[in-house]
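All values below come from the heavy atoms of this structure, side chains included, with hydrogens, waters and symmetry mates left out. Everything quoted here is computed from the prediction, not taken from an experiment. All chains are named by letter (A, B, ...) in the order of the sequence lines, taking the proteins before the strands, and each is independently numbered beginning at 1.
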Protein chains: 2
Amino acid sequence: MKEKIQPNQNLEQEILAAAEDLFLERGYARTSAVEIAKRVGCNQALVHYYFRTKENLFNTIFVQKNLLFLQTMESFEEQDLPFEEMISRFIKMQFNFFITHDKRLAYFILDELVRNPVRLDSQLSAMKRLFKSSKGLEMRLQKEIAEGRVRKMTFFDLAVTIITLNSALFVSRPIIIKLLDISEEEYTALIKLRCQENIEIILRSLRP
Amino acid sequence: MKEKIQPNQNLEQEILAAAEDLFLERGYARTSAVEIAKRVGCNQALVHYYFRTKENLFNTIFVQKNLLFLQTMESFEEQDLPFEEMISRFIKMQFNFFITHDKRLAYFILDELVRNPVRLDSQLSAMKRLFKSSKGLEMRLQKEIAEGRVRKMTFFDLAVTIITLNSALFVSRPIIIKLLDISEEEYTALIKLRCQENIEIILRSLRP
DNA sequence: ATTATCTATAGATCTATAGATAATGC
DNA sequence: ATTATCTATAGATCTATAGATAATGC
């Protein structure tokens, strides 16, 4: 009855991929090992054979995605550019990250950190590392302020503004698509326009 | 062994209250009828006696909260004020709403709409009604633009900016508290400061 | 011989309900 | 007599593992 489409040279990877897709779509609590197996077309026991526990499987994916995000942000270094140009590139980089990887990534990470205190604890040090690595940016902001090119503001506020405006349409993806009754392509187009709008808003928010 | 603290004149209300708190904290999937009963100090069967199904109980709470939010937004009417003053008041109103009702409300509504397509469908008409009732605001925006007092922008973009900036710190509450290692009181203070920052950013985003 | 896959099932929840008992309203 | 509360349990998942069988690597 059930047929294999692919010669399963690497079922472990297929399970990981199916799990990733389901976890991104529904989160930890609403996804079961049975569903993951069904999607792959294999037995549910195999999910545990390769990953031992559901928690373990989820954690593998979550940590990988979260580190990918944090490290991509961390790796941003354009210190020789004018401040506005730098901010503008950072915004574009963040949009690009979600578009090229997965549009559901922002909500996936947010949800797990908000709803699972244990996971939040386990990711704290990685998140604080990002905070520290952004000291350069913070110094830069202070310098711009001191020299009168940027209005007085805290680095925290700027970070909140950028991150939330940039993740807004990704986080609310299912709502936006349904409410505006648009296709995935139209949604992507909307997001790209929004990137420009965010740059506009954020640069304006910086000016003295 | 188990003692009643209160004379349960209205156990139904107590169950509702406990369910509300747990659902707000953990969402639908991570909350069980057993936990709700445990918190109230009664038998789990009573949860079903009063509300028949978990879905029904959740839906009662969700619809009430979502309508409360939508109607509060809808009821905003200050058409005789200058545009900037109007926007500023709207922002304050939204902050006030979450602070006085429940800081977890924003994430509660967002999460359910994002993760449960059935619920999203069921709330669509109510949400579209808000969209329609805001036509007045939209006209006002177009008028301001036409008369050169506001830069060219879509109503959709303005709405996204306001809603996301305003819900940002509420939505990320557990992360913020943990990351900054602050108390609930310090968190509330932070939020109030953020309200001012949002007004600043949004008003700046409007200027020609 | 080892590793991958399957079948079968134990054990843990969890939702929902049936049926017994206690409390309350006439 | 009706309504509220409890005990007990059926039935549906779901996770995890034990043990059988098939596939693969020497």
Of all heavy-atom pairs between A:Q94 and A:I163, which one has the smallest distance, and what is that distance? OE1-CA, 4.0 Å
Mind checking whether A:F95 and A:F170 have ring centres under 6.0 Å apart? yes
In terms of side-chain heavy atoms of A:Y49, which of C:dT3, D:dC14, D:dA16 is nearest? C:dT3
With B:E20 as partner, the option from B:K65, B:R26, B:R104 fulfilling salt bridge (Lys or Arg N to Asp or Glu O under 4.0 Å) is B:K65
Does the side chain of A:T188 pick up a donor-acceptor pair with the side chain of A:K103 at under 3.5 Å? yes
Between A:F98 and the options A:Y107, A:F69, A:F108, the ring-ring contact (aromatic ring centres under 6.0 Å, His included) test singles out A:F69
May I ask you to verify if any side-chain N or O of B:Y50 is less than 4.0 angstrom from the OP1 or OP2 atom of D:dT5? yes
Check: A:T161/B:R194 side-chain N/O donor and acceptor closer than 3.5 Å: yes
When rounded to whole Å, the CD1 to C1' distance for the pair B:I36 and C:dT15 reads 11 Å
Could you state the atom-to-atom distance from CD of B:E12 to C1' of D:dT3 in whole Å? 12 Å
Send over the distance from A:F58 CZ to D:dC14 C1', rounded to a whole Å. 17 Å
Result for 5'-nearest mapping on DNA chain D, choosing between A:E35 and A:N43, is A:E35
For the pair made of CG in B:N10 and P in D:dA4, what is the distance, rounded to whole Å? 9 Å
With sequence neighbours excluded, tell me which residues meet ring pair (Phe, Tyr, Trp, His ring centres under 6.0 Å) with A:Y50. none
Nearest to the side chain of A:K54, which nucleotide is it out of C:dT15, C:dT17, D:dT15? D:dT15
Where the side chain of B:Q44 is concerned, which of C:dA16, C:dT5, D:dT5 is the nearest nucleotide? C:dA16
Check the distance between C:dT3's P and A:L46's CG and give it to me in whole angstrom. 16 Å
Whole angstrom value for the distance that separates C1' of D:dT13 from CZ of B:R30: 18 Å
CZ of B:R52 versus C1' of C:dA16: gap in Å, rounded? 10 Å
Base, sugar-phosphate or nothing for B:A45? Non-hydrogen atoms, less than 4.0 Å. base
Nearest-Å distance, CD (B:Q13) to C1' (D:dT5)? 17 Å
Dot-bracket for DNA chain C, 5' to 3', with Watson-Crick and G-U pairs under 3.5 Å, [ ] for crossing pairs and | for other-strand pairs: what is it? ||||||||||||||||||||||||..
A:H48 side chain: which of D:dT5, D:dT15, C:dC6 is closest? D:dT15
